Amino acid sequence: MRDTNSRSRSPPAQTPGPFQVKKKGGAATAASGCDVDAEPGDKSWLTGQPYSKRFFEILKARRRLPCWEMRKEVVKMVRENQSSVLIGETGSGKTTQVAQFLLAAGGDLGSGSIAVTQPRRVAAMSVAARVAQEMDVELGQEVGYNIRFEDVTSEKTRIKFMTDGMLLRECQTDPLMSKYSVIILDEAHERTLATDILFGLLKEVLQKRPELRCLVMSATLEAEKFQDYWSGAPLLRVPGRMFPVETFFTLRPEKDYVAAAVEVCCMINQQEPPGDILCFLCGEEEIETACFEIETRAGESGCSTMVLPLYSSLPMNQQRRVFPPAPEGTRKIIIATNIAETSLTIDGVVYVVDPGLFKQMLYNPRTHVESLLVSPISRASAQQRAGRAGRTRPGKCFRLYTPETFEKELPESTYPEIIRSNLSSVVISLKKLGVDDLVHFDFMEPPSPESMMRALEMLHFLGAIDDEGDLTDAGKAMADFPVDPHLSKTIVAACSRGCVSEVLAIIAMLSVPPPFSRPRHAQKAADRAHRNFASGYGDHLSLLTAYSQYSNNGSKADYCHEHFLSERNMKQAENVRRQLAGIVRSRGLEKESTEKNGMITTNVRKSFIEGFFMQCAHIDQGGKNYMTVRDQQMVAIHPSSFLQHKPEWVMYHETVVTDRCYMRNVTAIPAEMLIEVAPQFYHPDTCKLNEQAQKILQRALPRSKR
DNA sequence: GAGCACTGC
């Protein structure tokens with residue numbers, strides 16, 4: 001099944017480039033012909049230690065992987081070409097084997113270390129653990145991983161699994177990626193924002209480092225697209241290993257996909273032979289509804305069934321319930337979001353029910369509005385979902401749409417993140433990486449000029465770039481923080497206003513999934529508990545109260561439980577705060593704190609206005625709704641807000657569109673504070689806001705210092 | 001007075 005592409009270029013010169021990394025320790029070298037294969041009694045070519053018994057047991061399984069037979073071809077392709085593409089289906093073993101082949105092959109390939117990127121943290125961790133075991137080394141020594149908040153590598157590390165975002169961050173301090181002799185971008189078909197940017201950066205780095213090798217690994221689809229982008233790089237195809245999956249379509253489109261999914265799950269449960277069912281739905285609420293209905297109907301029909309929901313906001317211990325096999329004679333039915341398509345793999349699934357839909361965040365640069373919409377999945381996703389039924393034995397996939405829909409209405413592959421995202425973070429990090437000419441940056445999928453313009457405009461408003469489009473000092477500082485530019489601007493502002501400690505806590509709380517938990521069965525109690533955190537100023541300062549109380553409490557788990565905080569998300573917020581504080585400290589940005597002079601709430605709000613002055617809204621004439629200043633959109637305060645009254649002006653963190661457009665995380669801002677902090681936008685003499693807004697500002701003018 | 005797909009730095 002191999003097709004090495006005929007367009008492959010002639011091999012580059014074998015002379016080491018100027019960025020050759022000095023050879024690190026190792027018991028054997030390329031000259032001794034080290035190989036991944038071994039015989040009992042051999043010593044590890046890498047550590048010089050005798051191999052363990054387990055090593056040989058694992059080796060037996062590795063030799064059976066489809067990838068194994070092609071190890072010489074893989075090595076040859078990568079050695080002879082600066083960039084190449086490897087297509088490997090599920091079960092080919094590419095993720096665990098390829099880096100080992102290349103390292104063992106030695107020569108230039110093993111001169112530095114090998115980076116393997118993954119879109120997800122868990123994947124980076126678990127694959128690293130597996131490979132360390134396969135190589136008979138301790139995790140964190142020769143084989144390690146690096147994800148946010150966790151660096152399990154050492155001086156000795158030769159193969160490093162990392163998230164794509166982590167490698168992108170590393171480029172800021174080492175733009176030539178000089179530590180690495182090979183960079184493998186795995187799961188490239190997922191087209192994450194970070195992988196797409198790494199593509200473009202790597203293309204430039206490869207020109208400067210002729211000895212560097214880049215391997216793009218992907219599941220089957222869009223091979224030609226990758227090849228074209230990498231100027232006809234050679235391609236190797238490794239077959240997968242999976243059981244056949246029989247696919248069924250519906251005759252007519254289904255009006256109510258939740259009802260149809262429930263129907264089909266119950267049908268399988270009653271009529272099909274044993275085997276677990278995995279059903280894809282779009283969100284928490286419909287999953288819980290479907291679970292309830294299937295459970296009820298299974299009870300009526302007398303089938304022994306275990307119905308389990310699965311989505312990311314589900315507490316960990318409940319998520320874990322999907323993995324253990326059901327008792328003999330009981331069928332497991334898992335109703336899951338997209339989390340089960342890529343992030344989690346459940347063994348024992350024989351039937352897949354696929355309505356062909358998922359929720360996707362879409363950004364409209366024209367209106368600045370991001371909204372979460374139910375959209376059709378891609379044909380690639382449909383194939384991936386079906387594949388979930390054939391992991392342990394032959395399975396069946398029930399698609400709740402017609403073959404015509406599949407052919408004509410499903411896009412071939414998922415819309416890359418980069419063309420449906422707000423690009424302000426992308427632009428500021430590229431600028432920081434020295435990519436000034438964004439128009440000519442070699443994106444595999446260039447984002448729309450409009451999206452790019454909006455991002456540049458926003459960064460200009462925030463003072464991150466000057467009129468020439470170059471990063472300002474503030475902009476350079478902002479780019480160091482792994483948060484959205486609105487937030488990094490707020491941090492930089494807080495540093496000068498002496499309230500950075502408080503602002504970081506708030507930003508950490510805003511950057512993690514909702515810290516306030518509100519379990520279905522105890523909503524009233526949760527609301528009551530949360531009211532203890534309420535600040536009259538609004539949500540930002542309420543988040544600060546919650547964070548401070550939590551972090552000053554001795555028994556955090558108990559505190560979370562009693563006050564209906566999500567322990568998982570609060571821990572995450574602590575991590576984020578610590579990381580951001582570390583950056584503030586290492587850059588020496590902080591001025592003296594204003595905590596003692598009682599200005600803290602004022603200064604916190606002023607700092608946020610510096611980052612969010614475009615995300616403010618004023619009350620309309622009727623006094624009921626709000627109008628956003630940026631695009632005159634009618635919005636309302638989200639009912640979850642701590643704000644109990646309707647102030648004239650509010651600042652909001654984000655908008656969410658459901659039936660109506662809501663502002664989430666809202667803080668009251670006096671008009672005079674807007675005029676003082678952002679006069680370019682709010683001074684009534686110069687601002688270009690509507691009449692109503694002007695009137696309010698005019699009235700406030702005498703109170704302001706400007 | 002309503003609802004948060006999924007990742008990542």
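Here the structure is a predicted model, which is why all the values come from computation and not from measurement.
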Original post:
Residues two or more places apart in sequence or in another chain: which of them pass salt bridge (charged side-chain N to carboxylate O under 4.0 Å, His left out) with A/Glu567?
Top reply: A/Lys571

**OP:** For DNA chain B, determine which residues of residues 507-518 of chain A have any heavy atom closer than 4.0 angstrom to one of its atoms, and list them numerically.
**Re:** A/Pro514, A/Arg518

Subject >> By side-chain contact (heavy atoms from CB on, under 4.5 Å) - contacts of A/Ala129 (at least two apart) >> reply: A/Leu139

Please set out all donor-acceptor pairs under 3.5 angstrom arising from side-chain atoms of residues 475-484 of chain A, sequence neighbours excluded.
| from | atom 1 | to | atom 2 | distance (Å) |
| --- | --- | --- | --- | --- |
| A/Asp480 | OD1 | A/Lys432 | NZ | 2.9 |
| A/Asp480 | OD2 | A/Arg587 | NE | 2.6 |
| A/Asp484 | OD1 | A/His486 | N | 3.0 |

**OP:** Identify, with sequence neighbours excluded, every residue that meets ring-ring contact (aromatic ring centres under 6.0 Å, His included) alongside A/Phe398.
**Re:** A/Phe248

Original post:
Where along residues 536-543 of chain A does a heavy atom fall under 4.0 Å from DNA chain B?
Top reply: none

Original post:
Of all nucleotides in DNA chain B with an atom under 4.0 Å from a non-hydrogen atom of chain A, which is the first and which the last going 5' to 3'?
Top reply: B/dG1 to B/dC9

**OP:** With sequence neighbours left out, write down each residue that passes ring-ring contact (aromatic ring centres under 6.0 Å, His included) with A/Tyr662, or none if nothing qualifies.
**Re:** A/His638

Subject >> DNA chain B contacts among residues 164-171 of chain A, heavy-atom distance under 4.0 Å >> reply: A/Gly165, A/Met166, A/Arg169

Subject >> side-chain contact (heavy atoms from CB on, under 4.5 Å) partners for A/Arg585, two or more places apart >> reply: A/Ala581

Subject >> For A/Glu654, side-chain contact (heavy atoms from CB on, under 4.5 Å) partners two or more places apart >> reply: A/Arg664

Subject >> With sequence neighbours excluded, residues passing ring-ring contact (aromatic ring centres under 6.0 Å, His included) with A/Phe564 >> reply: none

